[in-house]
Amino acid sequence: AYSDHTLKVCEEYARKDSRIRFHPQKHRLGMAGNHNFLLKKAQGQYFNWGDDDDTWHPDFVKTLAGLLRAYPTATSAMCRAQHVVRGVPLPLGEPKPRDNDRSPYDYLLHYATVGDYEHIDGLHVTEALRKAGGYHADSRPFFHASDYVALLRLALQGKVVYTNEILFFKRDTGACHNAFEVLSALQFDRDTVYRIFRYLSFPISYVYNLMFGIRFVSGSDLPPRQKIRVIANLWVHYLRCNLAFLSNVLRGCFAVLAG
């Protein structure tokens, strides 16, 4: 399923380096399908999903694998991530305090409320990720998948440990930063209209995240009292997401009027 020279480039690199295994697909699998196909084929102790907008520091794997070995109850490790917009790294604020010694349950409570989505780009224990179901797929519009639910299921297996070293870089084309520029410019081409409708579908995704979150927490091995606390935090996250969505819709309307 290629419309450019991707096939040729990948085959060339696979010939140059025996560590690279290339599995061309005849049909598009979608993001979740492709991610889970790769997880199924993985043979190593640790696993990382890499996208075309990702860049890693040479010490990314070494540092995060060392964290996972140091904390046996952890299922994932992640570092500070820096966004890069049009080739320019965005400045980072002060690092957040992280407690790698907290219990898996305390981390689960934290994740259910906050949702550290960037952890999907971290280094995961392969078998724990498989046990958690891999990359979560469902029938929600546009995305048909969820980082939040995938990481929640992984958090039910164990905690995420963290380093404040900057070892991961994400190229941003404006979807996250300067997201309102296109509205101010009043250039409503086909791609812009698609992005607007996709964003307006976010509340539906929030319902899916809450629904599947309650389902997987309820079916977990947590004691009943802990399940209730985690589910309460899922509701907090749901409300926070909707408030942020409403705020961004108002900002978008203001950008159109100001443009």
Q) What orientation do His23 and Phe37 show, parallel under 30°, tilted 30 to 60°, or perpendicular over 60°? A) perpendicular

Connected via hydrophobic side-chain network under 4.5 Å: [X] and [Y]:
X: Leu109; Y: Tyr117; answer: yes
X: Tyr111; Y: Trp235; answer: yes
X: Leu152; Y: Ile228; answer: no
X: Phe245; Y: Ile196; answer: yes
X: Leu243; Y: Val207; answer: no

Determine the minimum heavy-atom distance between [X] and [Y], stating which atoms define it.
X: Gly87; Y: Pro89; result: O-CD, 3.7 Å
X: Pro24; Y: Leu7; result: CB-CD1, 3.9 Å
X: Leu167; Y: Phe169; result: C-CE1, 4.2 Å
X: Leu39; Y: Gly134; result: CD2-CA, 3.6 Å
X: Ile214; Y: Leu234; result: N-CD1, 3.6 Å
X: Asp138; Y: Ala145; result: OD1-N, 4.0 Å

Counting only heavy atoms not in [X] (residues, nucleotides, ligands), do more than 12 fall under 6.0 Å from its [atom1]?
X: Phe197; atom1: CZ; value: no
X: Asp221; atom1: CG; value: no
X: Glu11; atom1: CD; value: yes
X: Arg130; atom1: CZ; value: yes
X: Arg215; atom1: CZ; value: no

Are the side chains of [Y] and [X] in contact, using a 4.5 Å heavy-atom criterion?
X: Leu156; Y: Val230; answer: no
X: Lys159; Y: Asp99; answer: no
X: Arg240; Y: Thr113; answer: yes
X: Trp56; Y: Asn48; answer: yes
X: Leu64; Y: Leu68; answer: no
X: Lys170; Y: Asp54; answer: yes
X: Cys79; Y: Phe60; answer: yes
X: Arg198; Y: Tyr194; answer: yes

(Q) Which residues pass the ring-ring contact (aromatic ring centres under 6.0 Å, His included) test with Tyr71, not counting sequence neighbours? (A) none

Q) Who passes ring-ring contact (aromatic ring centres under 6.0 Å, His included) against Phe143, sequence neighbours left out? A) Phe202

Give a yes or no on whether the ring-centroid distance for [X] and [Y] is below 6.0 angstrom.
X: Phe212; Y: Tyr148; result: no
X: His237; Y: Tyr206; result: no
X: His57; Y: Phe168; result: no
X: Tyr13; Y: Phe22; result: no

**Q.** Residues Glu127 and Lys131 bridged, charged N to O under 4.0 Å
**A.** no

Pairwise distance [atom1]([X]) to [atom2]([Y]) - rounded to 0.5 angstrom:
X: Arg98; Y: Tyr107; atom1: CZ; atom2: OH; value: 8.5 Å
X: Thr126; Y: Lys40; atom1: OG1; atom2: NZ; value: 15.5 Å
X: Leu151; Y: Glu118; atom1: CG; atom2: CD; value: 9.0 Å
X: Lys227; Y: Ser218; atom1: NZ; atom2: OG; value: 6.5 Å
X: Gln157; Y: Leu108; atom1: CD; atom2: CG; value: 10.5 Å
X: Asn164; Y: Glu94; atom1: CG; atom2: CD; value: 10.0 Å

Q: Return yes if some donor-acceptor pair links the side-chain N/O of Ser146 with the main-chain N/O of His136 below 3.5 Å, else return no.
A: no

Q: Examine distances only and state if a side-chain atom of Ser201 and a backbone atom of Ile204 form a donor-acceptor pair shorter than 3.5 Å.
A: no

Side chains of [X] and [Y]: donor-acceptor distance under 3.5 Å anywhere?
X: Arg140; Y: Asn209; answer: yes
X: Asp116; Y: Tyr162; answer: no
X: Asn233; Y: His110; answer: no
X: His119; Y: Asp121; answer: no

Q | Test salt bridge (charged side-chain N to carboxylate O under 4.0 Å, His left out) applied to Lys8 and Glu12, step by step | A | CA-CA 6 Å; Lys8 182 179 179 180; Glu12 181 179 348; over 6 Å; no

Q: Run through Tyr135, Phe47, Tyr46 and flag the one making a side-chain contact (heavy atoms from CB on, under 4.5 Å) with Leu129.
A: Phe47

Q: Test side-chain contact (heavy atoms from CB on, under 4.5 Å) on Asn34 and Leu38 and set out the steps.
A: CA-CA 6 Å; Asn34 184 61; Leu38 293 173; 4.0 Å; yes

Q) Applying side-chain hydrogen bond (donor to acceptor under 3.5 Å, both in side chains), which residue pairs with at least one partner in residues 73-82 are found, sequence neighbours left out? A) Ser76-His124

